[in-house]
Structure formats: C-alpha cells, structure tokens
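A short write-up of the structure that comes next.
Lettering follows sequence order; numbering is per chain, from 1. Atom set for the values below is all heavy atoms of this structure, side chains included, hydrogens, waters and symmetry mates excluded.
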Amino acid sequence: MPELPEIETTRKGIAPYVVGKRVTDVIIRERRLRWPIPAGLKRSLKNKAIRKLRRRAKYLLFYTDNGCLLLHLGMSGSLRIIDNKWPPAKHDHVDIVFASGRALRFHDPRRFGSMLWTKGDPMDHKLLNQLGPEPLSDAFVADYLYARSRKRTQAIKTFIIDSRIVVGVGNIYASESLFLARINPNRKAGTISKARYGTLIVAIKDVLNRAIEKGGTTLRDFINSDGQPGYFKNELQVYGRGGEPCNNCQRPIKVARLGQRSTFYCASCQT
DNA sequence: ATGCGGACCTGTTAGC
DNA sequence: TGCTAACAGGTCCGCA
C-alpha cells in the first residue's frame with residue numbers, strides 16, 4: 001500500500017496524539033507480522049513516553065528514553081488513532097494505548113508490515129543502515145543518481161525503486177515520475193544522461209510533494225490516521241490507466257511488467 | 001557488485 | 001453463482 005507520501009501523511013496525522021504521550025499498555029493480538037513482534041515489546045514500551053516520531057524511508061520511528069520502536073506498514077498496513085474503548089476489528093493486530101485514553105491501532109490484512117524494537121541509534125539498525133538518501137532531501141541531486149547509475153544495465157524503473165539508490169519511491173510514484181520526466185521505464189539506467197537525471201530528480205520531488213499535499217494515494221484500502229482516503233489518485237497520469245488515453249498525446253497508455261511489478265507508461269511521450 | 005526470482009500473507013477481481 | 005487464477009501500494013533473501 002503505502003509509499004512515502006502515505007507514510008508521511010500517517011506520521012503527520014498521528015504525531016499530535018503520540019509525541020509527548022505516555023504509553024500505559026500495549027495490546028498485541030497477532031505477533032506474526034513479517035517478523036514476529038518481539039516478546040519484550042510490551043515491557044519496553046509500557047510507562048515510557050514517546051519523545052519523537054520520525055520517518056526514515058517508509059519506516060516510522062517512535063523514540064523513547066530507552067529504545068526505539070521501528071514500524072513499517074508493508075503493503076497493506078495502516079495506523080489509526082482511536083478511542084481506547086473501540087472494539088477491535090479483523091486484522092487489528094496491535095494497540096498502543098496512551099494515558100490520554102486514546103490508542104494507536106495497527107491494522108494490516110496481509111501482515112507484510114513489521115514492528116521491531118531497537119536500542120541505541122535506530123539509523124544503525126540493519127534495516128536502515130544501507131538505505132539511500134531521502135528523495136526530498138538536498139542530497140538527492142542529479143550528480144548522485146548519475147554516478148550511481150554508471151555501467152548499470154538495469155531498467156531505470158527498477159533502479160529508482162531500489163531503496164539502496166533512493167528511498168520512498170514505490171511502484172506508483174516510479175511510473176508517475178518517469179512519465180513526468182518523459183523517460184521510458186525500460187531504458188537502461190546506465191545510458192541516461194546527467195541532464196535527464198536532473199529532470200527525473202525534479203519530477204520525483206514534485207510528484208511526492210504533490211501527493212503529500214493531497215494526503216497520499218488511495219487505490220483500494222489506504223486510509224490516514226482519521227480513517228480518510230488520500231486524493232492523489234485523481235492526479236495520477238499513468239498508474240492504473242492501462243489502455244486509457246495519455247493526457248498529453250491521447251495514445252493508449254501501455255502496461256509492462258518490470259521486476260515483477262506492473263509498470264505504466266506512454267510509449268510515445270516517454271523515450 | 002549487480003540483477004533476478006521467490007518468498008512472505010490476505011483480499012479482491014477477472015475470467016471461465 | 002461458483003471456482004480458480006492472477007494480481008495488489010513492499011522489501012528481504014539467496015542464488016547466479
């Protein structure tokens with residue numbers, strides 16, 4: 001489900017109810033996520049205050065005084081702020097209950113999400129320490145992508161979706177960014193000029209920023225922390241529009257399979 | 001080092 | 001209507 005804009009939307013939504021609040025209980029109904037929820041998680045979090053809530057890539061980091069909760073939403077996860085007394089529904093796997101009487105509820109039908117605990121600096125954690133730069137940061141520039149891509153034969157689409165290259169660009173926004181930059185997703189990463197990488201960088205930042213403004217993209221089941229969908233779906237130019245006319249040239253949008261993922265593009269506008 | 005395919009899960013939809 | 005297959009927003013791991 002969620003790519004960077006959806007995680008950022010979630011972070012902004014839950015922050016006022018989480019930051020500075022004390023955890024009074026952790027209710028775990030299902031431990032079997034991508035990795036099992038650690039046995040000591042409840043003990044680690046209980047009676048601790050959440051000091052900071054940050055996002056790195058698609059991970060949410062809940063900092064306490066003695067460690068950090070690492071949370072990933074996987075493909076189908078979502079977080080909501082609920083009244084503590086609200087009865088759980090199917091796939092509501094975890095509640096983090098606060099002294100305020102509200103709780104943060106983790107819902108994830110496919111259980112590709114994760115909840116892990118780490119002591120020390122979470123950026124040193126195995127899952128975070130190999131990640132590429134944040135796409136909205138100043139470190140994400142044409143020179144960087146150009147240098148990383150030299151001699152690489154991989155398609156540009158699978159290259160920019162690789163979190164070691166840049167984080168936060170998932171399947172939807174990869175197709176959208178490449179359309180905006182007029183780059184064919186099949187093109188080899190190593191054959192693209194520095195100037196075109198400059199265009200691509202601008203496109204990625206633009207797409208992600210606009211998606212964050214609209215509250216993310218809801219295809220079927222993404223909801224924000226209020227239970228509301230995101231409205232960027234209305235702005236999608238190619239994703240999910242196979243066979244429909246390109247908004248630029250009216251020719252039908254093509255669908256290809258790259259790295260086992262559906263990829264949408266206009267063969268006429270993107271070269 | 002790079003690049004590819006399989007794996008982890010459940011739910012929805014398309015096709016017969 | 002009912003069954004089956006394919007597909008879905010992520011990403012780690014193991015192999016060539």
Side-chain angles (χ1 to χ4, degrees), chain A residues 1-10 29-37 55-60 70-79 89-94 106-116 125-132 135 145 147-177 185-191 204 207-208 211-212 214-224 229-236 238-243 255-264:
Chain A
M1 158 217 308
E3 302 186 30
L4 186 146
E6 291 72 42
I7 310 300
E8 190 58 23
T9 298
T10 299
R29 301 181 193 86
E30 175 60 83
R31 284 189 184 277
R32 296 173 303 164
L33 303 182
R34 181 154 210 250
W35 298 283
I37 295 176
R55 179 188 58 74
R56 170 71 173 116
K58 295 172 189 167
Y59 290 90
L60 287 172
L70 268 179
L71 191 153
H72 198 289
L73 297 177
M75 291 269 261
S76 58
S78 59
L79 290 170
K90 196 175 183 186
H91 307 306
D92 285 346
H93 304 314
V94 180
F106 176 73
H107 174 91
D108 185 10
R110 288 175 75 180
R111 289 192 275 119
F112 284 178
S114 50
M115 270 187 159
L116 298 171
H125 192 277
K126 183 187 173 193
L127 293 172
L128 300 185
N129 66 10
Q130 304 277 53
L131 294 173
L145 268 194
R148 292 294 304 265
S149 62
R150 289 312 87 184
K151 299 189 178 160
R152 292 187 71 153
T153 57
Q154 203 182 13
I156 183 66
K157 158 82 184 315
T158 53
F159 179 69
I160 59 169
I161 231 169
D162 182 344
S163 64
R164 290 165 301 184
I165 303 303
V166 59
V167 302
V169 182
N171 205 36
I172 297 179
Y173 300 115
S175 280
E176 292 297 307
S177 304
N186 297 292
R187 184 168 283 281
K188 306 285 179 224
T191 68
I204 289 172
V207 166
L208 294 178
I212 291 168
K214 297 278 177 178
T217 300
T218 296
L219 292 181
R220 49 157 51 92
D221 55 9
F222 172 72
I223 52 166
N224 68 18
Y231 295 102
F232 195 70
K233 184 178 196 293
N234 305 322
E235 319 271 319
L236 296 177
V238 287
Y239 188 88
R241 296 192 60 233
V255 190
R257 204 108 182 125
L258 272 174
Q260 294 131 263
R261 316 298 299 277
S262 294
T263 304
F264 300 86

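Residue A/R110 has its side chain nearest to B/dC9 when only B/dC9, C/dC12, C/dG10 are considered. For A/H91, counting side-chain heavy atoms from C-beta on, the closest listed nucleotide (C/dG10, C/dA8, B/dG11) is B/dG11. Between C/dG9, C/dT11, B/dG11, one nucleotide has an atom nearer to the side chain of A/H72 than all others, and that is C/dT11.
Among the heavy atoms of the strands lying under 4.0 Å from A/T153 are primed sugar atoms or P, OP1, OP2 only; no base atom is included. Residue contacts for A/I161: at a heavy-atom cut-off of 4.0 Å it reaches no nucleic acid atom on any strand shown. Across all strands, A/K90 comes closer than 4.0 Å only to sugar-phosphate atoms, never to a base (heavy-atom distances).
Applying the side-chain contact (heavy atoms from CB on, under 4.5 Å) test between A/F106 and each of A/D92, A/I37, A/L71 identifies A/L71 as the sole match.
Using cut-offs of 30° and 60° on the angle between ring planes, the pair A/Y173 and A/F232 is tilted. Using cut-offs of 30° and 60° on the angle between ring planes, the pair A/H91 and A/H107 is perpendicular.
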For this session: Determine, step by step, whether A/R31 and A/V94 satisfy the side chain to side chain contact (heavy atoms under 4.5 Å, CB included) criterion, reporting the C-alpha distance in whole Å, the side-chain angles of both residues, the deciding distance to 0.1 Å, and the verdict.
Result: CA-CA 8 Å; A/R31 284 189 184 277; A/V94 180; over 6 Å; no
Exercise. Given the rule in the side chain to side chain contact (heavy atoms under 4.5 Å, CB included) test, do A/I165 and A/L145 qualify, once you have shown the distances and angles that lead to the verdict?
Worked result: CA-CA 8 Å; A/I165 303 303; A/L145 268 194; 3.7 Å; yes
Exercise. Do A/I212 and A/L4 pass the side chain to side chain contact (heavy atoms under 4.5 Å, CB included) test, and can you show the C-alpha distance, the side-chain angles, and the key distance before you say yes or no?
Worked result: CA-CA 8 Å; A/I212 291 168; A/L4 186 146; 4.0 Å; yes
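Between A/R257 and B/dG5 there is no side-chain N or O to OP1 or OP2 distance below 4.0 Å. Taking only side-chain nitrogens and oxygens, A/Y239 comes nearer than 4.0 Å to OP1 or OP2 of C/dG9. In this model, the phosphate group of B/dG3 is approached by a side-chain N or O of A/Q154 to a distance below 4.0 Å at OP1 or OP2. Using a 4.0 Å cut-off, no side-chain N or O of A/R261 falls inside it from OP1 or OP2 of C/dC7. Contact between the side-chain N/O atoms of A/R152 and the OP1/OP2 oxygens of B/dA1 is not found at any separation under 4.0 Å. For A/K126, a side-chain nitrogen or oxygen approaches OP1 or OP2 of C/dC13 to under 4.0 Å. Note on A/T217: every side-chain N or O is 4.0 Å or more away from OP1 and OP2 of C/dG9. An OP1 or OP2 oxygen of C/dT11 is reached within less than 4.0 angstrom by a side-chain nitrogen or oxygen of A/K58. An OP1 or OP2 oxygen of C/dT11 is reached within less than 4.0 angstrom by no side-chain nitrogen or oxygen of A/R34.
Place A/R148 and A/Q260 on DNA chain B by their nearest nucleotides, and A/R148 ends up nearer the 5' end. Nearer to the 5' terminus of DNA chain C, by closest-nucleotide assignment, is the contact made by A/T218 (compared with the other of A/W35 and A/T218).
Whole-Å rounding puts the A/F159 CZ to B/dA1 P distance at 16 Å. Computed from coordinates, the A/D92 CG to B/dT10 C1' distance equals 15 Å when rounded to whole Å. Distance CD (A/E3) to P (C/dA8): 13 Å, rounded to an integer number of Å. When the P atom of C/dT11 is taken as reference, atom CG of A/L131 falls 9 Å away, rounded to whole Å. Note: NZ (A/K151) to C1' (B/dG3) measures 17 Å, nearest angstrom. The CG atom of A/D108 sits 12 Å away from the P atom of B/dC9 (whole-angstrom rounding). Per the geometry, CD1 belonging to A/I212 stands 15 Å off C1' belonging to C/dG9, to the nearest Å. Between A/Y59 atom OH and C/dG10 atom C1' the separation is 9 Å, expressed in whole Å.
For A/R150, the CZ atom counts as densely surrounded, since its 6.0 Å shell holds more than 12 non-hydrogen atoms of other residues, nucleotides or ligands.
In secondary-structure terms, DNA chain B builds stems of at least 3 consecutive Watson-Crick or G-U pairs, each pair having both distances under 3.5 Å, at B:2-8 with C:10-16, B:10-16 with C:2-8.
Rounded to the nearest Å, the gap between the P atom of C/dA6 and that of B/dG6 is 13 Å. Separation of the P atoms belonging to B/dG5 and C/dC7 is 15 Å when rounded to the nearest angstrom.
Side-chain contact of A/R257 with A/S262: a donor-acceptor pair under 3.5 Å is present, judged by distance alone.
The aromatic ring of A/F112 does not sit over the base of C/dT11; the criterion of centres under 5.5 Å apart with planes under 30° is not met.
Here the NZ-CD1 distance, from A/K233 to A/I172, works out to 9.5 Å after rounding to the nearest 0.5 Å.
For A/R111 against B/dC9, a side-chain-to-base donor-acceptor contact under 3.5 Å is absent.
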